[in-house]
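Only one structure is covered here, and it is reproduced in the block below.
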Amino acid sequence: MGNGSRAARLPGIAALVRLAVRRERGIAPWWILGLIALALVMVEYIRTNMATPELKATYVEVIGANAFLRGLGGGAVEPRLEVLATWRSGGFLYVASAFAALMSVIRHTRAEEDAGRSELVLSGAVGRYAPLTAAMLVSGAVSLLGGVLTAAVLTGIGLEPVGSLAYGAAVTVAGWVFGGVGAVAAQVAGGARTATAAALATLAAAYVLRYAGDAAGVSWTAYLSPVGWSHLVRPYQEERWWMLGVSIAAAAILYAVAYRLLGRRDLGSGLLPERPGRESAPGLRGPVSLAWRLHRGLLAKWAAGVAVFAAAGGALSPLTRDLLARPSVVVDNLRRTLGIASGPEALGAYSWYLILIIAYAVALYPVLMTLRLRAEELCGRAENVQSTPLTRLRWAAGQLVVTALGAAALMAVAGLVFGAVYAVLVGDLASDLPAFLAGALSTVPAAWCVGAVCVLAYGLLPRASAAISWLVWFLTAVLGQVAGPLYGVWGGLPVEPFHFVGNAMTGLPFAVVPTTGLLAVTALLASAGLLALRHRDFGR
């Protein structure tokens with residue numbers, strides 16, 4: 001790299017910003033809408049289900065008595081609508097903003113290099129630092145817009161303006177900090193996938209550090225976590241504006257480091273090069289074995305995350321048992337919110353909703369795997385594979401088989417871990433473990449159906465498939481049995497597949513007809529998607 005001025009290395013940035021905005025228009029609006037929707041849903045949830053000061057005070061007492069709940073929201077909580085609502089939603093909004101930003105930066109930098117497009121762009125009148133600068137500006141603007149609109153909407157429904165502004169600012173700076181994390185990872189890692197894994201691992205570590213500290217009552221650990229910095233702003237309470245400065249300074253340092261590292265590496269390679277893979281044995285070169293080698297690392301990370309959440313859900317069982325045994329307004333409110341009837345099955349019915357939360361999350365796995373098909377196609381690796389006897393249809397089918405088995409394996413992990421912890425704490429291992437495993441596996445056809453819709457979009461409308469896939473999963477979650485009760489929709493809506501999955505923990509017989517129908521629809525959609533893929537132009 002020459003010794004010219006930094007300004008001389010930034011020609012073409014305006015064109016790259018326009019290009020990045022054009023590519024983000026199918027993704028960013030949905031992230032922003034999700035942030036706003038979650039903030040509003042939590043406000044309405046508290047307003048509807050904890051309408052009196054007594055209910056709010058009791059809820060705060062329940063939070064203070066349980067480590068899992070204390071860690072979930074983070075920081076001190078007060079029995080006020082705006083504090084309770086942002087305490088519930090903040091832990092998700094900060095992470096969602098951070099996730100969207102780091103993915104955006106890596107997508108517009110390292111992923112472009114891996115696909116070979118950056119080399120073509122830089123062969124023109126474009127400076128070396130222009131792609132990173134454009135990615136930083138666009139991802140930062142999306143984070144800013146998400147925070148500003150969240151604050152504006154909360155102010156519009158009657159919450160205190162200063163607190164709403166502090167909340168929106170905390171959402172924004174979380175995105176800025178982890179946009180910087182993504183920028184550094186893109187320079188260090190040997191490829192986009194490694195960079196994404198490293199950035200997500202950093203986000204997970206920051207969240208776990210903050211969560212563990214709040215759960216254990218060791219509040220100072222939040223100061224060590226970039227996610228904790230947003231929690232420490234404490235909107236609608238002290239409004240610690242100086243904590244925003246900490247996040248902004250950290251983001252500036254991370255981007256400065258990324259610029260420095262960018263000047264020290266070659267285009268298309270990282271400071272830590274990719275480890276060369278081992279040559280596979282002759283029996284491991286079919287479409288399924290190829291897909292397994294590509295998916296196994298990510299599947300292992302998903303399995304670890306699912307196991308942790310399932311264990312946490314099972315650990316809540318004693319608290320829930322004691323809470324459900326108390327005749328009070330709070331208990332009645334909880335039963336109504338979760339749709340739980342009185343009787344010995346109440347605790348199992350409650351556990352079913354936690355399993356459903358895991359199932360809705362696992363439904364994202366086939367969505368991401370379908371998006372990977374499109375990424376492999378665009379970067380040219382899929383076309384290289386098809387220069388062998390492996391046809392386009394066999395390549396895609398192998399990926400889908402491994403994806404389907406992976407989703408089933410994830411739910412099996414959820415059922416086994418949840419059931420084991422539940423049985424040890426409040427139940428019986430011989431009867432509860434099989435019941436939880438069967439209940440978790442009963443949700444698999446619905447998760448497959450979500451993925452099949454994405455396969456159809458990939459085959460018919462490849463350019464719009466990413467936006468369609470994210471929209472399908474988002475609507476499935478928002479209109480489903482878990483989120484639906486927050487705005488008065490019980491049992492979900494029949495436009496999403498989990499609506500047809502019955503509560504397996506209440507002793508009801510296995511529903512053969514709905515499950516068979518879901519499997520038939522899944523097979524039809526996936527077959528139509530593969531047929532469309534076979535007949536359309538590839539790589540466009």
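Note that the structure is predicted; figures quoted are calculated from it, not measured.
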To the nearest 0.5 Å, what is the distance between OG1 (Thr403) and CG (Leu368)?
10.0 Å
Should His108 and Arg23 count as side-chain neighbours, where that means a heavy-atom distance under 4.5 Å?
yes
Under the side chain to side chain contact (heavy atoms under 4.5 Å, CB included) test against Leu518, which residue among Val444, Val513, Val501 passes?
Val501
Rounded to the nearest 0.5 Å, what separation is found between the CG atom of Leu224 and the CZ atom of Arg210?
13.0 Å
When rounded to the nearest 0.5 Å, the distance separating OH of Tyr94 from OG of Ser247 is 10.0 Å
Tell me, do Leu102 and Val181 make a side-chain contact under 4.5 Å, heavy atoms counted?
no
Test item: Trp229 side-chain N/O and Tyr223 main-chain N/O as donor-acceptor pair under 3.5 Å:
yes
Student check: side-chain heavy atoms of Leu371 and Trp470 closer than 4.5 Å
yes
Flag the pair Trp241 / Val162 as yes when at least one side-chain heavy-atom distance between them is below 4.5 Å, and no otherwise.
yes
Could you please spell out the steps behind the side-chain contact (heavy atoms from CB on, under 4.5 Å) verdict for Met411 and Ile355?
CA-CA 9 Å; Met411 289 311 303; Ile355 291 175; 4.3 Å; yes
Determine whether Phe99 and Leu200 make a side-chain contact, defined as any pair of heavy atoms from C-beta on separated by less than 4.5 Å.
yes
Let's go through Trp31 and Val142 carefully: what are the C-alpha distance in whole Å and the side-chain angles of both, what is the deciding distance for side-chain contact (heavy atoms from CB on, under 4.5 Å) to 0.1 Å, and is it a yes or a no?
CA-CA 9 Å; Trp31 277 109; Val142 171; 5.6 Å; no
Between Thr443 (side chain only) and Ala440 (backbone N and O only), is there a donor and an acceptor less than 3.5 Å apart?
yes
Taking the side chain as everything from C-beta on, heavy atoms only, tell me whether Ser465 gets closer than 4.5 Å to Thr370.
no
Before you tell me yes or no, could you show the steps for Leu475 and Glu496 under side-chain contact (heavy atoms from CB on, under 4.5 Å), namely the whole-Å CA-CA distance, both residues' side-chain angles and the distance that decides it to 0.1 Å?
CA-CA 8 Å; Leu475 291 178; Glu496 65 93 12; over 6 Å; no
Are the side chain of Trp30 and the backbone of Ala467 linked by a donor-acceptor contact shorter than 3.5 Å?
no
When you measure from the side chain of Trp473 to the backbone N and O of Tyr360, does any donor-acceptor pair fall under 3.5 Å?
yes
Looking only at non-hydrogen atoms, find the nearest pair between Val95 and Tyr207 and report the distance.
CG2-CD1, 3.6 Å
Minimum heavy-atom separation for Phe500 and Pro514, please, with both atom names.
O-CB, 3.5 Å
Separation between OG (Ser164) and CG (Leu159), nearest 0.5 Å, reads 5.0 Å
Under a 3.5 Å distance rule, please check whether Arg80 uses its side chain to pair with a backbone N or O of Tyr236 as donor and acceptor.
yes
What orientation do His295 and Tyr365 show, parallel under 30°, tilted 30 to 60°, or perpendicular over 60°?
perpendicular
Donor-acceptor check, side chain of Ser97 to backbone of Leu93, threshold 3.5 angstrom: yes or no?
no
Heavy-atom closest pair (Ala452 atom, Ala526 atom, distance to 0.1 Å) is CB-N, 4.1 Å
Enclosure of Phe92 CZ (heavy-atom neighbours >12, cutoff 6.0 Å)
no
Would you say Tyr167 and Thr172 make side-chain contact, with heavy atoms under 4.5 Å?
no
Option from Leu298, Leu400, Leu364 for which side chain to side chain contact (heavy atoms under 4.5 Å, CB included) with Met369 holds
Leu298
Test your reading of the model: is there a side-chain donor-acceptor pair from Ser230 to the backbone of Ala170, 3.5 Å cut-off?
yes
Of the non-hydrogen atoms in Tyr255 and Trp176, which two are nearest, and what is the gap between them?
CE1-O, 4.0 Å
With a 4.5 Å heavy-atom cut-off, do Val43 and Leu154 have their side chains touching?
yes
Calculate, to the nearest 0.5 Å, the distance between atoms CG and CZ belonging to Leu81 and Arg47 respectively.
5.5 Å
Distance from Leu35 atom CG to Thr150 atom OG1, nearest 0.5 Å?
5.0 Å
Derivation and outcome, side-chain contact (heavy atoms from CB on, under 4.5 Å), residues Val306 and Ile358
CA-CA 7 Å; Val306 166; Ile358 300 175; 4.0 Å; yes
Quick check: does any side chain N or O of Ser442 sit under 3.5 Å from a backbone N or O of Gly439, one acting as donor and the other as acceptor?
yes
Can you name the closest pair of heavy atoms from Val233 and Ala166 and give their distance?
CG1-O, 3.9 Å
Taking all atoms of both residues into account, what is the closest heavy-atom pair of Val417 and Ala307, and its distance?
CG1-O, 3.5 Å
